[in-house]
Protein chains: 2
Amino acid sequence: MAGEGDMLVRKLASIAVITAEERDALLALPIAVREIPARQDIVRTGDKPVHCCLVMAGLAFRYKLIGDGKRQILNFHVPGDIPDLQSLHLAVMDHNLAALTPLTAGFIPHDAVHDLNARFPCLAGALWRDTLADAAVLRERIVSIGQRDGLSRTAHFMCEMFRRLAAVGLAADCAMALPITQVEIADALGMSFVHVNRMLRELRERRLITLQGQRVLVENWAELEALADFDPAYLHLEARDRPKGI
Amino acid sequence: MAGEGDMLVRKLASIAVITAEERDALLALPIAVREIPARQDIVRTGDKPVHCCLVMAGLAFRYKLIGDGKRQILNFHVPGDIPDLQSLHLAVMDHNLAALTPLTAGFIPHDAVHDLNARFPCLAGALWRDTLADAAVLRERIVSIGQRDGLSRTAHFMCEMFRRLAAVGLAADCAMALPITQVEIADALGMSFVHVNRMLRELRERRLITLQGQRVLVENWAELEALADFDPAYLHLEARDRPKGI
DNA sequence: CGACCCATTGAATATAGTCAACCCGGGTGG
DNA sequence: CCACCCGGGTTGACTATATTCAATGGGTCG
């Protein structure tokens, strides 16, 4: 039982100041926890979800398929994320949500969240902010795919994942666990998996990263970030980055 | 004086059911109207805005610059859009907002919107939904840039702009005014302007569209949409697409 | 008229995709 | 037990899509 509401409280406390009353309301949410096998869809295009999905352990990802069968991965999600929070206000899913690794997910009824939002505008604001931070990541992805070459794009992806994993305690020093195949990276970055492979080799040869199975070690942060043109501001992880008094 | 609050009421009424009380509160908002010359920045990366910008007439666009000077246009905005609504909850701008054409913009103080959100959760939900629909457009842009070839990408862009302009009465039948240069289309679609030019020619040669200065005529909707793999669902323009009772 | 922006086009080049082959490790089943 | 298969990774060779470079023409506005 421990951990369901707790995780949500921790998450929102990292976004906004939570009162005792708000905390109690969060802990009272009826969260249904489920284990989901890797690579299984959780919500699909066209669905009209009545729950939101809180990632509690493992990684998830969202993707779209196009006519000729190609897949574009939109974003990956770390514990604490609520990848389909948008379904609160956009009834019909326009993309898919799936487990990347075996996943522990908490499902929260929309009704309960709407009720919470009406009673606690600050909580609503914190959730709203979460969807906005996700959009900020999408914007930077557009920049990467649209303007950066393969090498810079790959480097940028590594920088971003490291920061996001570190923010939830899943990366430290220079190491992160990144259980993602090169095909998935390719579908996320809009390049062929062969090219991803070559760019990773190039990053290795330049002594910027090393790969150990599903672990990535960053050997040279300064050069990696410079190559990637990486500025973490868009992740909106910093407390000072939040509006005051709301 | 007419038009400032009116436009906002119309916009939100197209998203949610607005009560008389909510309508009055919207009309009481202190909106400062300003004319902005074409190509002028309105808000820049790093700014901490205290107003939101409502596009009342003309077109706007958002963009990011990267280290080597390249520009990625994230989205274009039509009248009724509030392109920087996200600044309500993300204090620091991570991109720029600029006028594409001469622009009539209404500036609404954040304080007033926060106050409104606290008093009227349904209005807050409608605004939230607006930011989510913007994110949906970003997602589809990622798919376009990541997976579609130049021709399909260009066709998709035309389909999207047509639908969005039509939704606010700026396109009808098969014609829309699209005062955008090929360089801007190129920066939005992540391709060179030379290639955009060639793809537009190809669309013309296939008799899918014709260009008349700043007007675009769609000659063959069925084929254009098929070529673009275009499904307007992601625009979330349909009323039936909205959750009920919120 | 000249400057400038935008559009257009050809030619050369480059980046990235496709095709194909091979390796490795883990799981399965004969 | 071992052969086989399969997913994931790696690499070379070839191809294609798209970029870059360069030159031109048509408007519009001081």
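Letters A, B, ... mirror the listed sequences (proteins, then strands); counts begin at 1. Since the structure is predicted, the reported quantities are computational estimates derived from the model, not experimental observations.
For B:Arg39, the CZ atom sits in a packed shell: over 12 heavy atoms of surrounding residues, nucleotides or ligands are nearer than 6.0 Å.
C:dC6 atom P lies 12 Å from atom CD1 of B:Ile185, rounded to whole Å. B:Gln147 places its CD atom 15 Å from the P atom of C:dA16, with the value rounded to the nearest Å. Distance A:Asp68 CG to C:dG17 P: 14 Å, rounded to the nearest Å.
The side chain to side chain contact (heavy atoms under 4.5 Å, CB included) test with A:Asp134 is passed by exactly one of A:Leu132, A:Asp130, A:Leu138: A:Leu138.
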Exercise for the section: Determine, for nucleotides 5-20 of chain D in 5'-to-3' order, which nucleotides have protein heavy atoms under 4.0 Å from the base (write B), from only the sugar-phosphate (write S), or from neither (write -). Expected result: ---SSBBBB----SBB
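Ring to ring, A:Tyr63 and A:Phe76 are not that close: their centroids are 6.0 angstrom or more apart.
For the 3.5 Å distance criterion, the side chains of B:His156 and B:Glu225 fail to qualify, holding no donor opposite an acceptor.
The salt bridge (Lys or Arg N to Asp or Glu O under 4.0 Å) contacts involving residues 69-80 of chain A comprise A:Asp68-A:Lys70, A:Arg71-A:Asp187, where partners must be two or more places apart or lie in separate chains.
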